[in-house]
There are 2 protein chains.
Amino acid sequence: MMRKKVKLAYITNNAARKAMYKKRKMGLIKEVSELRTLCNVDACAIIYSPDDSQPEVYPSPLGAVRVLAKFKNMTEKKHIKKMRDQESFLQQCIAKVNEELENRRKKNREKEITKLLLKGLVAPSSLQDLSLPDLNGLSSLIDLYLKDIDQRMEKLSLGQTQEEDCKPPTVAVQVEAATTAECPSEFDDQHAGGGATAATGPGI
Amino acid sequence: MMRKKVKLAYITNNAARKAMYKKRKMGLIKEVSELRTLCNVDACAIIYSPDDSQPEVYPSPLGAVRVLAKFKNMTEKKHIKKMRDQESFLQQCIAKVNEELENRRKKNREKEITKLLLKGLVAPSSLQDLSLPDLNGLSSLIDLYLKDIDQRMEKLSLGQTQEEDCKPPTVAVQVEAATTAECPSEFDDQHAGGGATAATGPGI
DNA sequence: CCGTCTATCTATAACGG
DNA sequence: TCCGTTATAGATAGACG
């Protein structure tokens, strides 16, 4: 009949609450004390009651400060480590993006060269005002085309023993141009504006 | 047969200690939680186990930091107040000591004057090379002596109707000199050296 | 290591002084 | 408000799977 099951809720009765607070506080501190003794751990408890002017600090203000300094130190270290981790992660991201950017630049250069080549095929006089690097790139590209053409012709000649022709090169150039045209210019720093892109997708 | 009464001491058995730690930690946290709920108090607990890499922080690292910031703030305020109190206490001490010092200086001056007076009585020519303040002090001291003599003689004449004599003054001077000679020169800043005195007594 | 079980121990709710 | 008492709810030591 005594000892009804205590309901876990705020005790509105003032005196009862204060009495409960005192009792439980004592029990709690005893618990902490026992834990410290039994398991040799650093533990502290800080309890503020609006009903009590003094906060209860176990094992002592000094001891509590010691424990919480340790805790603060550890969390700070963790925070720094986290920051470090994030930083290295971001640096990895940047490196990755930079690599991709370099790739895109290279492809873009090739595309430009291809455009010039096509233009030159249509109107040879337009090649007059090209810079030396452009001409170099153009020549190396043409070399690549020629190599590709040689390989294709070799395959064709092995399979069907056909005579040489001028058609394959032209087709190859057109195919290449079409392929590169499929690539969107998201990473094309040579032509895209300098504005930042706004990410609107969820969870980024 | 089960459940022997647990001895309140460090559990040397490793596994048993760890198991105990986990169980009691849980219980402790539950207690803190209930206290918070039942009495609406701000309470936190921080527990470090050497067996555990992570410290246990209730209600949460953030919550604990909040509570301990409150505590730190309060203790700092207290500390400042304590410092203030100590400061004012020390100032009071200093004032007291200064007062006593001034007293001692005064007595010392009187003693010096007495010495000069006695010297002068033995060899009157030695009064020649005294400074004006010394002479002034000497004269006022003589005035005091004379006053004292008058009073004593009055008492004597009232009690015994005796004739005036020159003996009492001399006796008075000797008594006074003897009395002042009993005072050790601990606070005698006029003659003591400037070295600090070493306190060797216990509990100071 | 981890959860579960149970006999036991401990803390404490309710009450009276 | 504080202390003491008492019966009980809740915590837990030790064992087991």
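Every heavy atom of this structure was used, including side-chain atoms; hydrogens, water molecules and symmetry mates were not. Protein chains get the first letters and strands the later ones, always in sequence-line order, with residue 1 at the start of each. The structure displayed is predicted, hence computed values, not measured ones.
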Give every donor-acceptor pair under 3.5 Å between a side-chain atom in residues 88-95 of chain A and any protein atom, sequence neighbours left out.
residue, atom, partner, partner atom, Å
S88(A), OG, D85(A), O, 2.8

Please assess V57(B) against V65(B) for the test side chain to side chain contact (heavy atoms under 4.5 Å, CB included), listing each intermediate value before the final yes or no. CA-CA 10 Å; V57(B) 181; V65(B) 165; over 6 Å; no
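- Taking 4.0 angstrom as the limit, K4(A) places a side-chain polar atom (N or O) nearer than this to OP1 or OP2 of dA14(C).
- Within 3.5 Å, a donor on the side chain of K23(B) pairs with an acceptor on the base of dG14(D), or the reverse.
- The pair E100(A)-K96(A) does not meet the salt-bridge criterion, since no charged nitrogen lies less than 4.0 angstrom from a carboxylate oxygen.
- With the 3.5 Å cutoff on both pairing distances, Watson-Crick and G-U pairs in DNA chain C assemble into runs of at least 3 at C:2-17 with D:2-17.
- The distance from atom NZ of K25(B) to atom P of dA13(D) is 15 Å, rounded to the nearest whole Å.
- The CG atom of N98(B) sits 8.5 Å away from atom CD of E102(B), with the distance rounded to the nearest 0.5 Å.
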Under 3.5 Å, which donor-acceptor pairs do the side chains of residues 39-50 of chain A form with other protein atoms, sequence neighbours left out?
residue, atom, partner, partner atom, Å
D42(A), OD2, R66(A), NH2, 3.4
D42(A), OD2, K70(A), NZ, 3.3
Y48(A), OH, K70(B), O, 3.3
Y48(A), OH, F71(B), N, 2.6
S49(A), OG, D51(A), N, 2.9

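- Contacts between residues 7-22 of chain A and DNA chain C, defined by a heavy-atom separation below 4.0 Å, involve M20(A), listed by number.
- Side-chain contact between Y58(A) and R36(A): present, with at least one pair of heavy atoms (C-beta onward) separated by less than 4.5 Å.
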Ignoring hydrogens and angles, write down the donor-acceptor pairs under 3.5 Å from the side chains of residues 20-35 of chain A, residues two or more places apart or on other chains.
residue, atom, partner, partner atom, Å
R24(A), NH1, E34(B), OE1, 2.6
K25(A), NZ, E56(A), OE1, 3.1
E34(A), OE1, R24(B), NH1, 2.5

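- The stretch residues 29-47 of chain B touches DNA chain C through E31(B), each having a heavy atom within less than 4.0 Å of the strand.
- Closest approach of A9(B) to L38(A), counting heavy atoms only: O-CD2, 3.2 Å.
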